[in-house]
Amino acid sequence: MGYPYIPNTREIREQMLREIGAANINELFADIPSQIRLKRKLKLPPAMSELEVKRHVQAILAKNTPFTQMLSFLGGGVWPHHVPAHIRSLVQRSEFLTSYTPYQPETSQGMLQALFEYQSMIAELVGLDVANSSMYDWATSLGEAALMCARVTRRQKFIVPKLIAKDRLSVLRNYASGPGLEVVEVGYNHRTGQLDLKQLRAELGGDVAGVYIENPSYLGFLETQGDEIAAAAHKTGALFVVGVNPISLGLFKGPGEYGADIVVGEGQPLGNPVSFGGPSLGIFACRDESKLLRQLPGRLIGATTTLDGKARGYCMVLQTREQHIRRERATSSICTNEALCAVSAAIYLASLGPRGLHDLAELCASNASYAMKKLNMIKGLRAPIFDAPHFNEFTLTCDDTHVSIQKLNAGLLKRGIQGGKSLRAEFPELGETALLCTTELHSREDIDRLASALNELLGGKG
Amino acid sequence: MVKAGNYDAPDGLYYSREHEWVKLEGKLARVGITDYAQNKLGDVVYVELPEVGKQVKQVTEQKTKEMELGAVESIKAVSAVYSPLSGAIKETNAALQERPELINTSPYNEGWICVLDASALETELKQLIDAKAYAEYLKKL
Amino acid sequence: MSYQQARWVEPLIFELSKPGRVGWTLPEKPRERINVPKELLREKLELPELSEPEVVRHYTRLSQMNYGVDSGFYPLGSCTMKYNPKVCEELAALEAANYIHPHQAEETVQGALELMYMLERCLTEIAGVARVSLQTSAGAHGEFVAMLITRAYHKSKRDDKRNQVIVPDSAHGTNPASAAMAGYDVVTVPSNARGRVDLDALKATVSERTAALMLTNPNTLGLFEDQIIEIAKVVHDAGGLLFYDGANLNGILGRTRPGDMGFDIVHFNLHKTFATPHGGGGPGAGPIGVQKELEKFLPVPLVEYDKKKGRYYFDYDRPHSIGKIKGFYGNFGVLVKAYVYLLLMGGEGLSEVTEAAVLNANYIMRKLLGVDGYELKFNPSDPCKHEVVFSAEPLKRMTGIGAHFVAKRLLDFGMHAPTYYFPPIVPEALMIEPTESESKEELDRFVEALRTIAEEAKSDPDKVCSAPTATAIGRLDEVKASRQPILSWRAYRKSAKG
């Protein structure tokens, strides 16, 4: 049988072997010592036709219930949004899809310009002058930010808020472990969730490389003390790093405006499907200052002109920071990144524009606001647990009832509703609490349905 | 001025086999990279300067970080600059931060990299060679 | 020869903006007031404003000024630019793959777990390892995690002296960079005259400080490290681990397996060997496999199957795990594509992939050996594997025109350039990887193009030096771009004013 992706048939291959003077194909593998040659066939499923594969994989995936077929309130690091049809149609253009890293700028202008536009829009959004052309995801961006702070300041301590996703913290700790950075958690005000400034100031000293906060926080509330945290960090020579959900920046100030030196975040909601948590899009931006720029990880696209100076063009710049040139002294080992997700983000932001992004952010927040109001009316439930402004995610606690979040979620699932993420394992001190998310995907009726299902589960009248 | 092929090597300077030059100014030594070195490197886009006060060691065959005066970068290469003498960094050429191309256009004058307070000048100068010997050295490369 | 890439004078999207235009719609107007202090709200956001057709035309034009595998021959060495089957894209885009959330109840994502489980089984068989984690997003990410696992392993043996990682001088830059990121000192071991790791030098380099050797096999010269059994013994006897960089796995599928060669940790590039597209730089996926002894250190979670309940689940109960290395479970969308590819090819198909890819590379090697201007730096009677590295040094000696200009001129022939100036141990290197996706006719055209360029270098050097001219744009001032970097529209406007 022939394979559709191998143009040279057996006969042609025989002819090629003759032309190069080889008796058979095995001659070309004679340099593999016989002890390690695989003397049997690979035990893999037998090849299938395209039609069979399609049916087979469809049948496997049919065991999933996508959130488009139920009502889901999950967020917590990746967020479901509508992806306009034209985005997929554009990033599926195979000149984009099937190209490699744009090492040859003359034949890769399209990708280079698209990535330059991505960098430009992200810079605008976060309020800084420089963004790189992508990292793997938010968590790894955070890890790289900690390493960058340590290189820039030559210090060894990195401060994070206690209310951070534990998975993200675990990734950060793994990145920090290379140069042996110490990761210190600073607590929060139990009423408002806001970072404990007193504790922060006590931790800050000549050994702190960076201070990190998330805004909106992992639990959905806004950190309102951005200015003060920035000032405290800068006073001791530490860098200030902020993690964001970029959709929120349609409404809120970019962290650059309140003193951030580095901004990281999750770019998935900008036109990329949730896709079980990957591929996603690591945002990484910083102030345009040589000291920072030289230490920036990842690929950068710059604007320039042709050699004759007549036409504008784009190419990769400051490559000497990268692994293919600086090897063990590179700012990071990252090579393959999430370029196509970045192009999706650029197309998404260009399609929404400032007004679209503002209205979207407002709608997401307004839905959360409505949901909190509705859920608060249910006896035994409280949302949110922190007294602070929120964006599109919020905490819901059933601590005052005798049921657990797990049980409530099981009951919801029977009714075709995926409830919020239980925070039990991550923050036992928050009791029976879940993290819920609303976006433009949720109508008022959807939220009413959640409320009435919860009411029913808690023994209230439907 | 000595010519080695297309490359200049002014008289009166001391040279290292790593292609750095030294100009003695009293007790101090001004250091840069040679015309040959800048030419091999191509268009310089960035110069990483040492910190003032840093102690460096004279370069030997077994190179270590303590012998580095920083690095010179073209778009696709980074070359470490090694110190031709031991001592403390007294001054660096701030102009290179804005105009790294001075390394290309004026390697022996405006493109100097730093001034060293040499700690073992007399013994270490013996490891360096003069313009004529450097030109001979280049011919063999 | 007649190739011409599209050439649009396409402004930046910001320059196409007209106030008031919108390219999308919202389902409803917000009805709730949001209670946020005014000082947190933003006043201005300078994103472009365009209608949908304008956005679509802009990015369509940009795509036309980009070259992909679907455009033509892409012999970029070490990058395995093979054809990416379309059905993989179609299946990965199904709602049941794209619209599932990582925190969903496990019973609602059984299909995703099953697919990951099955993909892991396939990869363990292909590489000859015990378990595979799918969490790592890219090759370099896999290398980094492999180094973290190496550290966890030595630490578990209470062996804290091992602070060195050895890499050959022909290694990809990601190897030393990943080792350094994990906190290791990097020691380089030279290649010998046969283009392989110098075994004596390696013996002299290993010590009680050796944590691991990172090796690509076939190596970056496209040559099989035929002393791999001895290499493995030297490293293991010294107490170190052996890490396999999977960049070149396309050269050995079904012929031998990293596990059988003695490697302890292996990474895969699904976006190379298993045909998922590179997307202009990513996303990719770089799963890592390990032998039994290292299994417990893999990142959490792994997918397990509960036979009694007939259900798949994520196993987080792994106390020795290094923890998380990326948010969630890996680049799932990429995993789907790779799994589809594996099902399309089957075990025998993968063996044919390697046979066809290796034959294509050897065919180019033989044909190009007869062309004046290019030479092999190592024994030409050795077969190569999936790629071959030529040197354009003879051409440079004759004409002053080296690998860089040859590569640029190739673009005018409607082909992508090979990797050049890499590996660094070959002067004027042209690293050519044809993959199995190319026909004999295409390979002949490529060899003819290189012959033509060598002749032009002698007869009409200006033509070569001013190339490319058939691309969307001519040669760029990359020096200016790095001396005064302009990295965003904000910065561009500032520089235009100043």
Side-chain angles (χ1 to χ4, degrees), chain A residues 7 20 28 31 36 42 44 46-47 53 61 63-66 68 74 90 93-95 98-101 106-107 109-111 120 123 136 139 170 178 253 273 275-279 302-304 313 317 323-324 327-328 330 333 336-340 351 353-354 362-363 365-366 369-370 389 421, chain C residues 23 30 32 34 36 42 45 47 49 59 62-63 65-70 95-96 98-99 101-103 108 110-111 137-138 140 173 176-178 180 183 186 224 226 260 278-284 323-324 327-328 331-333 343 346-347 349 366 383 439 471-472 476 481-482 486 488-489:
Chain A
I20 65 172
L28 303 183
D31 47 2
I36 56 168
L42 284 172
L44 295 177
V53 170
L61 292 173
K63 296 168 194 168
N64 294 337
T65 311
T68 41
L74 286 172
L90 286 170
R93 287 198 58 98
S94 69
E95 301 93 327
T98 71
S99 64
Y100 198 74
T101 301
E106 301 87 351
T107 196
Q109 277 302 293
M111 182 50 78
S120 300
Y136 307 134
S170 177
K253 273 185 183 163
S275 187
F276 211 36
T304 185
V317 298
Q323 48 75 29
H324 60 288
R327 301 177 76 87
E328 64 266 29
S333 72
T336 288
N337 55 17
E338 311 291 312
L340 202 65
S351 303
E362 196 177 28
L363 178 57
S366 141
S369 185
Y370 178 71
K421 178 183 194 283
Chain C
E32 291 295 313
I34 309 157
V36 174
R42 89 182 295 150
L45 178 57
L47 290 176
E49 298 175 69
Y59 288 103
L62 291 190
S63 77
M65 294 194 282
N66 214 56
Y67 188 95
V69 172
D70 286 3
E95 281 209 356
N98 248 335
Y99 293 93
H101 192 284
H103 294 317
T108 67
Q110 283 295 302
S137 321
S178 296
V186 175
F224 193 81
D226 46 11
D260 300 337
H278 287 70
K324 296 282 298 178
F328 314 108
N331 282 348
F332 180 73
L343 293 177
R366 288 290 143 220
S439 67
T471 45
L476 291 163
S482 274
I486 298 169
S488 63
W489 167 242

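Everything numeric in this text was worked out from a predicted model, so none of it was measured. So that the names make sense, note that chain A is the first sequence line, chain B the second, and so on, each numbered from 1.
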So which of [options] has the biggest tally of heavy-atom pairs under 4.5 Å with chain A?
options                        : result
C/G323, C/G183, C/A180, C/A177 : C/A177
C/G347, C/G23, C/G280          : C/G280
C/P383, C/G333, C/G279         : C/G279
C/D260, C/L343, C/V69, C/D226  : C/L343
C/R366, C/E49, C/K324, C/E95   : C/K324

Locate the shortest heavy-atom distance separating [X] from [Y]; write the atom from each residue and the value.
X      : Y      : answer
A/S275 : C/F332 : O-CB, 3.5 Å
A/F276 : C/F328 : O-CB, 4.3 Å
A/E95  : C/N66  : O-ND2, 3.0 Å
A/P279 : C/N331 : CA-OD1, 3.2 Å

Between [options], who has the most heavy-atom pairs with chain C when the cutoff is under 4.5 Å?
options                       : result
A/A139, A/S351, A/G353        : A/S351
A/T107, A/D31, A/I20, A/T68   : A/T107
A/L42, A/N64, A/V317, A/L340  : A/N64
A/I36, A/T101, A/L61          : A/I36
A/A123, A/G277, A/S94, A/A330 : A/G277

Check your understanding: When rounded to the nearest 0.5 angstrom, what is the spacing between CD in C/Q110 and NZ in A/K63?
Key -> 8.5 Å

Check your understanding: Roughly how far, to the nearest 0.5 Å, is the NE2 atom of C/H278 from the CE atom of A/M111?
Key -> 12.0 Å

Review point. Under a 4.5 Å heavy-atom cut-off, does chain C meet the side chain of A/L90, its backbone, both or neither?
Key: side chain

Review point. Quick one: are C/S178 and A/Q323 in side-chain contact, heavy atoms under 4.5 Å?
Key: no

Check your understanding: Is any side-chain heavy atom of C/L62 less than 4.5 Å from a side-chain heavy atom of A/R93?
Key -> no

Practice item. Go through the side-chain N and O atoms of C/T108 and A/T65 and say whether any donor and acceptor fall under 3.5 Å apart. Key: no

Practice item. For side-chain contact (heavy atoms from CB on, under 4.5 Å), just list the numbers for A/Q109 and C/T471, CA-CA rounded to whole Å, side-chain angles, deciding distance to a tenth of an Å, and then say yes or no. Key: CA-CA 9 Å; A/Q109 277 302 293; C/T471 45; over 6 Å; no

Exercise for review: Keeping the roles fixed (side chain from A/T336, backbone from C/G284), state whether a donor-acceptor pair exists under 3.5 Å.
Suggested key: no

